[in-house]
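Naming: A, B, ... by sequence-line order, numbering from 1 per chain. This one's a predicted model, so the numbers in the text were calculated from it and none came from an experiment. Because only heavy atoms are used, hydrogens play no part in the values below, and waters and symmetry mates are left out as well, while side chains stay in.
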Amino acid sequence: ISGKKHLSADDLEKLEEALLQADLGWEVVDNIVDSLSKSDDKNLAWEERFLNSMDLLLNGKIQTKPLRKTILLVGINGTGKTTSAAKLAGEFSKDGESVLLVAGDTYRAAAVEQIREWSKRLKVQLVANEGTSDPAAVAFDGVNSGLSKNVDRIIVDTAGRLHTSLNLMKELEKINRVVRKMTDEVDVLITIDANTGQNGIQQAREFNKYLPIDGVILTKMDGTARGGIAVPIMLELNLPVYYIGVGEQVDDLVPFDMDSYLKGLIG
Amino acid sequence: QLQDRFSSIFKTIRGHGKITESNISDAMRDVRRALLEADVNFKVARRFVDRITDKAKGGEVLTSITPGQQFIKIIQKELTEFLGGNTEGIQFSSSGFTTIVMAGLQGSGKTTTCAKLARFLKNKRQKNPFLIAADLQRPAAVDQLKVLGKQIDVPVYSEDTKDPLKVVKNGISQAKSQDADLIIIDTAGRLHVDETLMNQLKNIVSLSNPNEILFVADGMTGQDAVNSSKAFSETVDVTGIVLTKMDGDSRGGAAVSIREVTGKPIKFIGTSENMDGFEPFHPDRLSQRILG
Ligand SMILES: Nc1nc2c(ncn2[C@@H]2O[C@H](COP(=O)(O)OP(=O)(O)OP(=O)(O)O)[C@@H](O)[C@H]2O)c(=O)[nH]1
Ligand SMILES: Nc1nc2c(ncn2[C@@H]2O[C@H](COP(=O)(O)OP(=O)(O)OP(=O)(O)O)[C@@H](O)[C@H]2O)c(=O)[nH]1
Ligand SMILES: [Mg+2]
Ligand SMILES: [Mg+2]
């Protein structure tokens with residue numbers, strides 16, 4: 001159906017399937033298909049109309065300000081926080097900035113070793129404390145050290161957690177509070193795995209109830225998943241996607257581009 | 001809830017006796033939407049809905065006092081049967097030495113599942129398990145498995161090399177020399193579209209000749225579950241599925257998709273980060289959860 005200006009009922013069904021496959025969810029898809037089925041007097045190919053209307057819908061809502069000095073990475077287990085922390089550190093270092101990584105995951109097996117390995121590869125300072133199981137204490141030490149040393153960027157990694165665990169969400173709330181006592185230049189980024197289905201909205205929504213989420217890093221976009229779940233997240237929570245993860249190496253972080261993302265949704 | 005939607009639909013249908021395609025289409029649209037919301041792949045959802053429409057047509061279910069509930073029972077039963085009637089555990093080797101390979105996408109829970117499964121088989125099946133740390137790619141992956149191995153008192157083989165096949169080969173010899181009767185091989189997370197790494201997985205499988213190849217899938221996976229699971233099961237002979245992070249509130253519809261495209265049994269689910277967060281799969285529980 002590529003390039004078609006008028007979409008038949010069959011075409012609309014094909015389009016609906018493609019959009020569902022992208023994890024946009026049936027409600028968003030219904031709205032899109034509904035608006036595209038209405039005749040259009042601009043005589044444009046449906047792709048153009050899709051991009052235009054999505055652009056208006058999304059760009060109108062999202063303000064992407066530059067990232068603040070201290071970044072807190074949060075999200076569900078295994079979504080790519082630690083790797084993204086390393087990628088961000090690499091990005092900032094390349095720009096000539098001094099970066100401090102903080103090993104805020106005091107829980108998971110070998111979590112500190114993992115981020116330590118990254119800090120060594122990147123030649124970036126790391127604050128860690130393997131003697132404590134209190135992540136707020138490490139976050140405090142890390143941010144404190146970073147502020148007093150006047151580093152340009154402080155990146156705090158946290159343990160993976162499910163939004164359904166009250167204790168872990170309270171713990172995250174405390175980490176955020178402790179960090180904000182020291183500085184209000186903080187951005188909280190949630191990592192969302194591009195493979196995630198409709199639960200992704202619930203994740204962002206729930207995390208946002210415990211601490212203000214400032215943006216999204218959409219990871220694992222180098223797979224076949226299209227990451228459509230970011231659309232309802234952007235719409236409902238007014239959250240910008242700052243970066244896209246496209247691999248496991250430190251350079252595999254790309255600034256989010258709305259146009260190429262939208263084009264990717266319709267494959 | 002599906003239940004409430006159904007009761008209002010069925011209020012209008014009641015008294016018509018037989019179920020026909022038209023009076024069922026509203027109910028089926030709601031089932032399809034519930035399945036989509038639960039992350040069942042849209043093609044799989046459509047096939048499932050077609051199947052139950054066929055089963056329901058001509059049925060006398062609507063003579064029930066609560067047809068909505070009755071209908072849900074039919075759907076639940078159908079979904080449960082589809083998810084795999086009997087809870088099938090690990091198929092042990094008749095030779096007395098069982099090999100299991102853990103595979104899947106990045107971050108799905110393989111390393112954690114290796115340790116959980118070892119602990120489960122040690123405590124519940126009286127096995128003497130041995131873990132092999134064949135992920136040489138992710139920073140500190142070997143450390144992670146070693147730490148978990150210590151927690152559950154199961155030996156872990158690792159080696160300072162860049163070649164996972166060496167680790168597997170030497171790990172197997174070490175396991176046998178220590179009288180282990182079961183080995184679980186942890187592998188690096190990989191994309192099904194990464195030809196090099198999929199070849200590596202094939203090589204690990206050829207070398208270790210496993211009795212079970214478990215595809216570990218994140219319980220919150222969306223529509224793409226069909227693609228990754230299909231590719232993995234076409235590249236190597238996947239024998240079972242593990243669904244992780246089911247302690248979250250994801251509906252878990254990916255399980256239906258994965259089961260449909262691979263035809264393989266879901267064997268276990270992960271229910272917490274801890275080593276005891278691991279249970280044999282119960283299809284009836286998951287079908288209730290999927291239908292919400
Ligand atoms: N292909 C691909 N893999 C990624 C990407 N980002 C992270 N990964 C991989 O995903 C896996 C999990 O990444 P982590 O950084 O450990 O995730 P995490 O959120 O810190 O995990 P926990 O701390 O255990 O909750 C690793 O194997 C990473 O290499 C990405 O953009 N693409
Ligand atoms: N809540 C919960 N967390 C889980 C479960 N299974 C694994 N995890 C967590 O998910 C994250 C990823 O688990 P890993 O075992 O490192 O995943 P992996 O597949 O080995 O990751 P890679 O080797 O990078 O591909 C960790 O934080 C685990 O603790 C589960 O069933 N429930
Ligand atoms: Mg981490
Ligand atoms: Mg692993």
Side-chain angles (χ1 to χ4, degrees), chain A residues 16-27 29-30 76-83 86 107-118 120-121 159-165 168 191 193-200 202-203 206 219-220 222-229 245 247-248, chain B residues 32-33 35-43 45-46 105-112 115 137-151 188-194 217-228 231 244-245 247-254 257 272-273:
Chain A
E16 182 192 48
E17 295 183 349
L19 295 175
L20 282 175
Q21 176 71 25
D23 283 310
L24 287 172
W26 68 262
E27 292 196 68
V29 172
D30 268 4
I76 301 291
N77 307 69
T79 52
K81 296 173 294 299
T82 306
T83 308
Y107 175 73
R108 205 206 68 212
V112 177
E113 284 86 334
Q114 184 185 5
I115 197 168
R116 176 166 286 127
E117 175 61 25
W118 278 117
K120 282 196 187 134
R121 288 187 195 181
R161 68 201 68 224
L162 295 181
H163 51 283
T164 45
S165 162
L168 293 182
T191 47
D193 186 328
N195 288 292
T196 310
Q198 298 309 301
N199 195 249
Q202 190 63 1
Q203 292 168 22
E206 287 301 308
T219 62
K220 307 180 198 172
D222 45 322
T224 51
R226 300 198 177 162
I229 198 61
E248 301 190 70
Chain B
R32 181 174 164 267
R33 280 182 173 168
L35 294 175
L36 287 174
E37 284 168 6
D39 292 321
V40 176
N41 181 266
F42 73 92
K43 283 202 185 109
R46 186 174 44 218
L105 297 175
Q106 290 88 347
S108 62
K110 297 174 294 300
T111 305
T112 310
Q137 190 167 297
R138 166 175 156 153
V142 173
D143 291 315
Q144 186 184 3
L145 193 64
K146 278 180 165 174
V147 170
L148 294 177
K150 257 215 171 83
Q151 279 178 23
R190 68 201 65 223
L191 294 178
H192 49 291
V193 291
D194 184 331
D218 195 318
M220 64 196 195
T221 310
Q223 298 289 307
D224 205 64
V226 293
N227 296 327
S228 47
T244 61
K245 308 176 203 172
D247 40 322
D249 56 4
S250 155
R251 300 260 291 276
S257 311
S272 94
E273 273 193 89

Taking all heavy atoms of Pro139(B) and all of Gln114(A), pick out the closest pair and write down the distance.
O-CG, 3.5 Å
Under 4.5 Å heavy-atom distance to chain B, tell me which part of Arg161(A) shows up: side chain, backbone, both or neither.
neither
Value for CZ (Arg138(B)) from CD (Gln106(B)), rounded to nearest 0.5 Å, stands at 10.0 Å
Rounded distance (nearest 0.5 Å) linking atom CG of Asp39(B) with atom OG1 of Thr221(B):
8.5 Å
Given a strict heavy-atom distance threshold of 4.5 Å, which part of Asp194(B) is in contact with chain A: side chain, backbone, both, or neither?
neither
Which bit of Arg32(B) is near chain A, if near means a heavy-atom gap under 4.5 Å: side chain, backbone, both or neither?
side chain
Taking Gly80(A)'s backbone N and O only, do any of them form a donor-acceptor pair with Thr83(A)'s side chain (distance below 3.5 Å, no angle check)?
no
Could you look at Glu117(A) and say if it's the side chain, the backbone, both or neither that has a heavy atom under 4.5 Å from chain B?
side chain
Proximal component of Gln21(A), with respect to chain B [non-hydrogen, under 4.5 Å]:
both
As an exercise, state the distance from CD of Glu206(A) to CG of Asn199(A), rounded to the nearest 0.5 Å.
9.5 Å
Please look at Asn227(B) and chain A and tell me whether the side chain, the backbone, both or neither of the residue comes under 4.5 angstrom of a heavy atom of that chain.
side chain
Between CD1 of Ile76(A) and CE of Met220(B), what distance do you get to the nearest 0.5 Å?
6.0 Å
Residue selection (most heavy-atom pairs with chain B, distance under 4.5 Å) from Thr82(A), Ile115(A), Asp222(A):
Asp222(A)
Under 4.5 Å to a heavy atom of chain B? For Arg108(A) that would be side chain
I'd like to know if the side chain of Lys110(B) and the backbone of Leu105(B) have a donor-acceptor N/O pair within less than 3.5 Å.
yes
Given the options Leu191(B), Asn41(B), Thr112(B), which has more heavy-atom pairs under 4.5 Å with chain A than any of the others?
Leu191(B)
Turns out that what part of Ser165(A) lies under 4.5 Å from chain B's heavy atoms comes down to neither
Glu16(A), part contacting chain B, at a heavy-atom distance under 4.5 Å
side chain
Using a 3.5 Å distance criterion without hydrogens, assess whether the side chain of Thr219(A) forms a donor-acceptor pair with backbone atoms of Thr191(A).
no
Can you tell me which portion of Glu113(A) sits under 4.5 Å from chain B's heavy atoms? Options are side chain, backbone, both or neither.
both
